[in-house]
*Asks:* 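Encoded as structure tokens, here's the structure I'll be asking about.
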Amino acid sequence: MEAQSTSLSYLPIIFQIIVALGFVVFTMTLTHLIGPKRKTSDKLVAFESGIKSIGNARQPFSIKYFLVAILFVLFDIEVIFMYPWAVNFREFGVNGLIEMFIFMGSLLLGFIYIIKKKALDWE
């Protein structure tokens, strides 16, 4: 017997979204109304971890940092996809093994491409 999906099935989700948005609006409005409103020059100055800011925040910075970070996240997510496969390895059988070899092969090809393009070289 298959469960039927009706618009009434989505009512709890819609209710939760309405409650969450209502809480956000209520909290922001309340803090705006009852919060202190004294704006001094000290409060309007940019503040970073207790250190007074010096110079311009728009300094150029190497794109390599962002590239390495994105590649790390990409390969980290690939490993997350492997965990459910490893847990259910016996249930998938030979087809699951072949699919994982294809997945790992495409991952290896992407890694070889990154190495060839020298995306991980800092210099």
Side-chain angles (χ1 to χ4, degrees):
M1 189 159 141
E2 205 172 300
Q4 295 292 329
S5 177
T6 63
S7 59
L8 194 59
S9 302
Y10 294 105
L11 192 60
I13 297 171
I14 294 170
F15 181 69
Q16 185 175 7
I17 290 172
I18 290 170
V19 169
L21 289 175
F23 177 74
V24 169
V25 170
F26 173 73
T27 306
M28 290 181 71
T29 305
L30 186 67
T31 57
H32 180 71
L33 293 176
I34 65 173
K37 295 176 181 45
R38 291 172 289 202
K39 293 183 181 179
T40 63
S41 61
D42 288 338
K43 289 183 181 179
L44 297 176
V45 173
F47 181 78
E48 181 71 33
S49 301
I51 301 170
K52 290 185 178 182
S53 56
I54 300 171
N56 188 3
R58 309 285 188 267
Q59 295 175 348
F61 180 131
S62 177
I63 195 71
K64 291 286 186 180
Y65 172 77
F66 296 109
L67 185 61
V68 170
I70 288 171
L71 291 174
F72 173 76
V73 169
L74 176 72
F75 285 107
D76 193 40
I77 288 174
E78 302 295 341
V79 171
I80 291 171
F81 283 134
M82 289 180 214
Y83 180 74
W85 175 82
V87 170
N88 298 313
F89 175 69
R90 292 190 194 274
E91 295 172 20
F92 293 148
V94 176
N95 287 338
L97 183 64
I98 292 169
E99 289 173 3
M100 186 48 72
F101 278 143
I102 292 170
F103 178 73
M104 291 298 294
S106 63
L107 188 64
L108 183 64
L109 285 175
F111 188 68
I112 291 170
Y113 176 77
I114 289 169
I115 296 296
K116 293 270 187 192
K117 288 290 187 175
K118 298 184 179 178
L120 299 176
D121 291 342
W122 284 100
E123 308 243 350

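Keep in mind it's a predicted model, so treat the numbers as computed, not measured.
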*Asks:* If hydrophobic clusters are built by linking Ile, Leu, Val, Met, Phe, Trp and Tyr wherever their side-chain heavy atoms come under 4.5 Å apart, do V79 and V73 end up in the same one?
*Replies:* no
*Asks:* Can you give me every donor-acceptor pair (side chain of residues 108-119, partner residue at least two apart or in another chain, under 3.5 Å) with its distance?
*Replies:*
none

*Asks:* Counting only heavy atoms not in F103, do more than 12 sit closer than 6.0 Å to its CZ atom?
*Replies:* yes
*Asks:* Hey, quick one: are F75 and I70 part of the same hydrophobic cluster, counting side-chain heavy atoms closer than 4.5 Å, chains of contacts allowed?
*Replies:*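 No, separate clusters.
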*Asks:* Do the side chain of D76 and the main chain of F72 share a donor and acceptor less than 3.5 angstrom apart?
*Replies:* no
*Asks:* Under the rule for side chain to side chain contact (heavy atoms under 4.5 Å, CB included), what residues qualify as partners of I18, not counting sequence neighbours?
*Replies:* I14
*Asks:* Each residue besides V19 in its hydrophobic cluster should be listed here, by chain and number; the cluster joins Ile, Leu, Val, Met, Phe, Trp and Tyr at side-chain heavy-atom distances under 4.5 Å.
*Replies:*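 ILVMFWY cluster around V19 also holds F15.
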*Asks:* Which other residues belong to the hydrophobic cluster containing Y83, where Ile, Leu, Val, Met, Phe, Trp and Tyr are joined when side-chain heavy atoms lie under 4.5 Å apart, directly or via other members?
*Replies:* V87
*Asks:* Mind listing the side-chain donor-acceptor pairs of residues 30-40 below 3.5 Å, one per line with the distance, residues two or more places apart or on another chain?
*Replies:*
from: T31; atom 1: OG1; to: T27; atom 2: O; distance (Å): 3.0
from: T31; atom 1: OG1; to: M28; atom 2: O; distance (Å): 3.0
from: K37; atom 1: NZ; to: H32; atom 2: O; distance (Å): 3.1
from: K37; atom 1: NZ; to: L33; atom 2: O; distance (Å): 3.1
from: K37; atom 1: NZ; to: G35; atom 2: O; distance (Å): 3.2
from: T40; atom 1: OG1; to: K43; atom 2: N; distance (Å): 3.4

*Asks:* Do the side chains of L74 and I80 join up, straight or via other hydrophobic residues, at under 4.5 Å, putting them in one cluster?
*Replies:*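 Different clusters: L74 never reaches I80 through Ile, Leu, Val, Met, Phe, Trp or Tyr contacts under 4.5 Å.
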*Asks:* Using a 3.5 Å cut-off and no angle test, enumerate the donor-acceptor pairs between side-chain atoms of residues 92-102 and protein atoms at least two apart in sequence or in another chain.
*Replies:*
none

*Asks:* Using the ring pair (Phe, Tyr, Trp, His ring centres under 6.0 Å) criterion, which residues pair with F81? Sequence neighbours excluded.
*Replies:*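 Partners of F81 by the ring pair (Phe, Tyr, Trp, His ring centres under 6.0 Å) criterion come out as none, since no residue qualifies.
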